[in-house]
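In what follows, a structure is listed as structure tokens, so that the remarks can point back to it.
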Amino acid sequence: MTSKNYWLLKSEPGAYSFADLINEIDQTAEWDGVRSYSGRNTMRDDMKLGDRVLFYHSNSKPSAVVGIAVVVKEGYPDYTAWDPNSEHPDPKSTPEKPVWYMVDIKAESEFKKPVSLQEIKRTQGLEDMVLVKNSRLSVQPVSEKEWNIIVSIGIG
DNA sequence: GCCAACGTTGGC
DNA sequence: GCCAACGTTGGC
């Protein structure tokens, strides 16, 4: 029996927002540009087809979970790393020896009511979220309990 | 805009 | 392989 897992992905809405994802063809995008090892490992090893994702706007007013997406392609090399004209080139990574990985995600639904960081911090059951404890991880796991609480607030 | 937290780099 | 310095994230 395969159990689905839950994740949270951060993006600064000025760089890439949930609306941008919705506006993509098929509402699907490559989650390229992650250049941290823990994020790389999570995307390469742990995020599976059908896993669901909280889409979080960081550095925002207010910072908040704004919608849900689903993993539609499992970890594969982030080829933008060896494109010198990309946003996040990294000469350490080559097609022969890729360093960075990404997944594809598809927008599923937009929250009626964004769930702000403030609200997360004061909501019972969410005090152990990685988002609260380690504010710097841009790709992070979410427990089923945390998922259910946030989605029930967001769906309204 | 400030700056704390923390992941990463690089000197030794 | 330790750990200080550096750079970045992201809340406030």
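Every chain is numbered from 1, with letters handed out A, B, ... down the list of sequences. Computed from a predicted model, the values in this text were never measured in an experiment. Note that these values count all heavy atoms, side chains included, but never hydrogens, waters or copies made by symmetry.
- Taking every nucleotide of DNA chain B with any atom under 4.0 Å from a non-hydrogen atom of chain A, the first and last of them, 5' to 3', are dA5(B) to dT9(B).
- Formation of a donor-acceptor pair under 3.5 Å by the D78(A) side chain with backbone atoms of G33(A) is found in this model.
- Shown for residues 33-40 of chain A: residues whose heavy atoms fall under 4.0 angstrom of DNA chain B, namely S36(A), Y37(A).
- In the hydrophobic clustering of ILVMFWY residues, with side-chain heavy atoms under 4.5 Å counting as a link, I149(A) and I68(A) come out together.
- K121(A) comes within 4.0 angstrom of the backbone, heavy atoms only, and of no base.
- Between the Q140(A) side chain and the L8(A) main chain, no donor and acceptor come within less than 3.5 Å of each other.
- The side-chain contact (heavy atoms from CB on, under 4.5 Å) test with L54(A) is passed by exactly one of W7(A), W147(A), Y6(A): W147(A).
- There is no side-chain donor-acceptor pair under 3.5 Å between T80(A) and D83(A).
- A donor and an acceptor atom, one from each side chain of Y79(A) and D32(A), are nowhere located under 3.5 Å apart.
- Legend: residues meeting salt bridge (charged side-chain N to carboxylate O under 4.0 Å, His left out) with E119(A), ordered by chain and number and at least two apart, are K113(A).
- S11(A) places a side-chain N or O within 3.5 Å of a backbone atom of Y16(A) that can act as its donor or acceptor partner.
- When each of R136(A) and N59(A) is assigned the nucleotide of DNA chain B with its nearest heavy atom, N59(A) is the one assigned upstream, toward the 5' end.
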